[in-house]
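When reading the values below, keep in mind they use all heavy atoms of this one structure, side chains included, and skip hydrogens, waters and symmetry mates.
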Amino acid sequence: MKLLPLPGRGLRLLLDHDEAAMLDQLIAQLIQLLQSHSSTALDPDPLFASLEVGGSDETPDDPALARLFPDAYAEDARSGEFRSVTEQGLLNRKLQDAMDVTAALGLGGGAPADGTLVEVDISQSTLPAWVRTVTALRLAIAARIGLDGSEDRPRLLDDEETRGTVLVFDWLAAILESVLAIVESGEPDDETDDAPDPDSGPRPDPGAANRNG
């Protein structure tokens with residue numbers, strides 16, 4: 001992955017073949033997860049979709065959904081009442097964000113040609129959707145493998161079943177941190193910089209999230 005600052009506090013994200021395909025696959029899985037929890041079809045107008053009222057009054061049984069839609073209050077009654085009014089609107093916004101990001105990748109559900117770089121320009125207006133979507137992916141992955149705190153990471157890295165997924169989690173963190181660092185600095189560079197390497201181990205396995213999702 002490489003990042004190139006653009007004028008106006010924007011940036012260009014360049015992903016290689018495997019990276020673009022993996023990110024698109026992860027977002028597709030997130031969309032499926034959100035749609036499975038939705039009680040209504042997504043309104044084609046993003047504004048109305050984000051304002052739609054409704055939702056369940058109970059915390060989702062799925063740990064990934066529970067992490068994406070946490071209780072707002074400690075008291076079950078208050079939390080359930082708040083959730084029943086706000087959950088569908090929040091879910092729709094997450095869905096719209098994910099759809100916008102996967103549309104920007106432009107793969108249409110298919111992998112890019114081997115050796116092809118995928119270039120995506122991220123502006124100030126599209127940045128929030130990217131940040132929210134990558135954050136949602138990390139929350140869902142962490143819930144799936146039981147990554148609740150820093151103390152869990154060494155154990156999960158030592159386990160062959162979860163090591164690849166932890167590396168994917170770290171790779172998403174590198175994307176998020178690099179994007180925010182460039183946007184916040186607002187200083188254009190003459191050269192494209194590599195994103196920070198989250199781990200000195202092997203590159204993330206594109207199939208790891210599927211095996212543990």
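Applying the side chain to side chain donor-acceptor pair (under 3.5 Å) rule to pairs touching residues 128-139 yields D97-R132, sequence neighbours excluded. For residues 79-101, the set of pairs meeting the ring-ring contact (aromatic ring centres under 6.0 Å, His included) definition, not counting sequence neighbours, comprises Y73-F82. Screening residues 69-79 for salt bridge (charged side-chain N to carboxylate O under 4.0 Å, His left out) gives D71-R83 as the qualifying pairs, with residues at least two apart or on separate chains.
Here D159 pairs with nothing under the salt bridge (charged side-chain N to carboxylate O under 4.0 Å, His left out) rule; sequence neighbours left out. With sequence neighbours excluded, no residue forms a side-chain contact (heavy atoms from CB on, under 4.5 Å) with E81. Evaluation of the side chain to side chain donor-acceptor pair (under 3.5 Å) rule for D148 yields R67 as partners, not counting sequence neighbours. Residues forming a side chain to side chain donor-acceptor pair (under 3.5 Å) with D121 (at least two apart in sequence, or on another chain): R12. Residues passing the side chain to side chain donor-acceptor pair (under 3.5 Å) test with D62, sequence neighbours excluded: R144. Residues satisfying the side-chain contact (heavy atoms from CB on, under 4.5 Å) test with L180, not counting sequence neighbours, are V131, L176, E184. Among residues two or more places apart in sequence or in another chain, the side chain to side chain donor-acceptor pair (under 3.5 Å) test is passed with S150 by none.
Screening L139, D152, I141 for a side-chain contact (heavy atoms from CB on, under 4.5 Å) with L147, the sole residue that qualifies is D152. Screening V168, L137, T102 for a side-chain contact (heavy atoms from CB on, under 4.5 Å) with L23, the sole residue that qualifies is L137.
Considering CG of L117 and CD of E19, their distance stands at 9.0 Å, rounded to 0.5 Å. We find the CD1-CG distance between I27 and L107 to be 9.0 Å, quoted to the nearest 0.5 Å. Once rounded to the nearest 0.5 Å, the distance linking CG of L6 with CG of L11 reads 6.5 Å. Here CD of E87 is found 9.0 Å from OG of S38. Values are rounded to the nearest 0.5 Å. Distance check: L34 CG to R93 CZ gives 11.5 Å after rounding to the nearest 0.5 Å.
Heavy-atom minimum distance, S79 versus A72: OG-N, 3.4 Å. Annotation for L68 and A136: closest pair CD2-O, 3.5 Å, computed over non-hydrogen atoms. Nearest approach of P60 to A66, heavy atoms of both residues: O-CB, 3.7 Å. Of all heavy-atom pairs spanning S178 and L3, the tightest one is CB-CD1, 3.0 Å. Taking every heavy atom of both residues into account, V120 and A104 meet most closely at CG2-O, 3.7 Å. Listed here is the closest heavy atom pair of I122 and L127: CG2-CA, 3.8 Å.
In this structure the side chain of T126 never reaches within 4.5 angstrom of the side chain of D100, judged on heavy atoms. In this structure, the side chains of V118 and D24 stay at 4.5 Å or more apart for every pair of heavy atoms. For the pair E119/L13, no side-chain contact is recorded, criterion being any heavy-atom separation below 4.5 Å from C-beta on. Residues R163 and D158 form no side-chain contact, since every pair of their non-hydrogen atoms from C-beta on lies 4.5 Å or further apart. With a 4.5 Å cut-off on side-chain heavy atoms, V166 and W171 do not count as touching. For the pair V179 and V134, the minimum side-chain heavy-atom distance is 4.5 Å or more. Within the 4.5 Å cutoff, side-chain heavy atoms of L65 are placed close to those of L33.
A side-chain donor-acceptor contact under 3.5 Å links T162 to the backbone of L156.
Heavy atoms from other residues, nucleotides or ligands lying under 6.0 Å from CD of Q35 number more than 12.
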> Do L15 and L105 pass the side-chain contact (heavy atoms from CB on, under 4.5 Å) test, and can you show the C-alpha distance, the side-chain angles, and the key distance before you say yes or no?
Replying inline: CA-CA 10 Å; L15 300 169; L105 285 171; 4.0 Å; yes

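For the 3.5 Å distance criterion, the side chains of N92 and Q96 fail to qualify, holding no donor opposite an acceptor.
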